Amino acid sequence: MTEVPSARSADVGRRIGVGLMYGLWKPRVLGAWRVPATGPVIFAVNHSHNIDGPMVMGVAPRPTHFLIKKEAFVGPLGSFLTGIGQVQVDRTTTDRTAISRALGVLQAGGVLGIFPEGTRGEGDFASLRAGLAYFAVRSGALIVPVAVLGSAERRGRLVKALPPLRSRVDVVFGDPFEAGDGTGRRTRKALDEATERIQKELTAHLENARRLTGR
């Protein structure tokens with residue numbers, strides 16, 4: 001039986017994230033009230049910088065379990081990520097353990113964080129992988145689009161790999177929506193249609209977030 005990360009461990013991660021993110025940068029959080037207070041939720045987050053995941057973990061109103069590439073789970077960092085309830089995933093194959101753990105999080109009424117683009121890029125939701133649609137349709141969880149803006153605008157002077165210290169990073173939560181068509185179908189066609197629906201919603205949210213924040 002696959003062990004499901006506990007909500008308590010993710011809550012520890014959230015508290016660490018709060019201290020780090022607000023200590024190092026100036027997050028401006030918009031729309032957090034849109035996140036359902038209970039029940040399974042998937043955060044669909046654009047991905048343009050390595051701090052996007054920790055930033056969402058630190059500012060989200062609920063503890064979050066992110067699907068994170070297995071390459072990050074090395075040495076002490078790997079133990080730390082596991083300890084705060086994050087889910088390791090092998091992107092080169094159908095990782096059944098990761099799928100079971102992620103579905104377990106949603107079945108327990110938790111929050112799963114996904115970078116639907118699969119890898120760090122422009123952060124514009126231009127290319128979506130089908131994984132997000134699968135988890136949403138299979139679990140019935142609502143998807144909340146999340147736009148992280150400003151994390152990749154400039155490089156820090158002290159640490160080039162990070163945004164400048166005390167710079168503003170905007171995190172905008174959108175309206176929750178259902179990926180499926182309400183029939184519960186999980187056929188390839190249904191998942192393709194769900195992916196298309198998701199892409200439209202996420203792209204519209206990102207455009208709205210940019211207008212809202214002026215970025």
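Because the structure is a prediction, the values reported are computed rather than measured. No hydrogens, no waters, no symmetry mates; every other heavy atom, side chains included, goes into these values. Index from 1, following the sequence.
Less than 6.0 angstrom separates the ring centroid of F66 from the ring centroid of F115.
Applying the side-chain hydrogen bond (donor to acceptor under 3.5 Å, both in side chains) test to every pair with at least one member in residues 11-28, sequence neighbours left out, gives these pairs: R28-D170.
When side chains are defined from C-beta on, M55 does not count as touching S151, because their heavy atoms never get closer than 4.5 Å. Proximity of S9 to I84: side-chain heavy atoms (C-beta onward) are nowhere separated by under 4.5 Å. Looking at I68 and F73, their side chains come closer than 4.5 Å, going by heavy atoms from C-beta outward.
Residues S139 and L106 share a closest heavy-atom pair of OG-CD1, 3.4 Å. Shown here for V18 and G58, the closest heavy-atom pair between the two residues is CG2-O, 3.0 Å. Shown here for A98 and V87, the closest heavy-atom pair between the two residues is O-CG1, 4.0 Å.
Using a distance-only test at 3.5 Å, with no hydrogens or angles considered, a donor-acceptor pair links the side chain of H205 to the main chain of V172. A donor-acceptor pair is defined here as one N or O able to donate and one able to accept, closer than 3.5 Å; such a pair exists between the side chain of R34 and the backbone of F173. The backbone N or O of V148 sits less than 3.5 Å from a side-chain atom of N46, completing a donor-acceptor pair. Side-chain atoms of T203 never come within 3.5 Å of backbone atoms of K200 as a donor-acceptor pair (strictly under, hydrogens ignored). Side-chain atoms of D52 come within 3.5 Å of backbone N or O of S48 as a donor-acceptor pair. Although no hydrogens or angles enter the test, the distance criterion places a donor-acceptor pair under 3.5 Å between the side chain of T195 and the main chain of L191.
Tracing side-chain contacts under 4.5 Å through hydrophobic residues (I, L, V, M, F, W, Y), one reaches L77 starting from M21; they form part of the same cluster. The hydrophobic clustering, which links ILVMFWY residues whose side-chain heavy atoms are closer than 4.5 Å, places L212 and V146 apart. Linking Ile, Leu, Val, Met, Phe, Trp and Tyr whenever their side-chain heavy atoms come within less than 4.5 Å leaves L202 and L30 in two separate clusters.
If you check the side chains of T92 and D90, you find a donor sitting under 3.5 Å from an acceptor. Under the 3.5 Å distance criterion, with hydrogens and angles disregarded, no donor-acceptor pair is assigned to the side chains of S79 and T82.
Between L149 atom CG and H49 atom NE2 the span is 13.5 Å, to the nearest 0.5 Å. With values rounded to the nearest 0.5 angstrom, T187 atom OG1 is found 8.5 Å from D192 atom CG. Here CZ of R197 is found 9.5 Å from CD1 of I143. Values are rounded to the nearest 0.5 Å. The CD1 atom of I99 sits 6.0 Å away from the OG1 atom of T94 when rounded to the nearest 0.5 Å. The CD atom of E201 sits 8.5 Å away from atom CG of D175, with the distance rounded to the nearest 0.5 Å. If you take CG on D95 and CZ on R101, they are separated by 8.5 Å, rounding to the nearest 0.5 Å.
The only option from L67, T64, L103 that meets the side-chain contact (heavy atoms from CB on, under 4.5 Å) definition with L112 turns out to be L67. Only one option out of K69, K70, E71 pairs with Q88 in a side-chain contact (heavy atoms from CB on, under 4.5 Å); it is K70. For the pairing with I42, the side-chain contact (heavy atoms from CB on, under 4.5 Å) check across L142, V144, I114, V105 returns one residue only, I114.
Other residues, nucleotides and ligands place no more than 12 heavy atoms under 6.0 Å from the CD atom of E178. Other residues, nucleotides and ligands contribute over 12 non-hydrogen atoms within 6.0 Å of the CZ atom of R166.
Salt bridge status for E207 with R211: absent, with no side-chain N to carboxylate O gap under 4.0 Å.
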message: Run S100 and T97 through side chain to side chain donor-acceptor pair (under 3.5 Å) and show every step you take.
response: CA-CA 5 Å; S100 295; T97 301; over 6 Å; no
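For the side-chain hydrogen bond (donor to acceptor under 3.5 Å, both in side chains) test, residues two or more places apart in sequence or in another chain that qualify with D181 are T183, R185.
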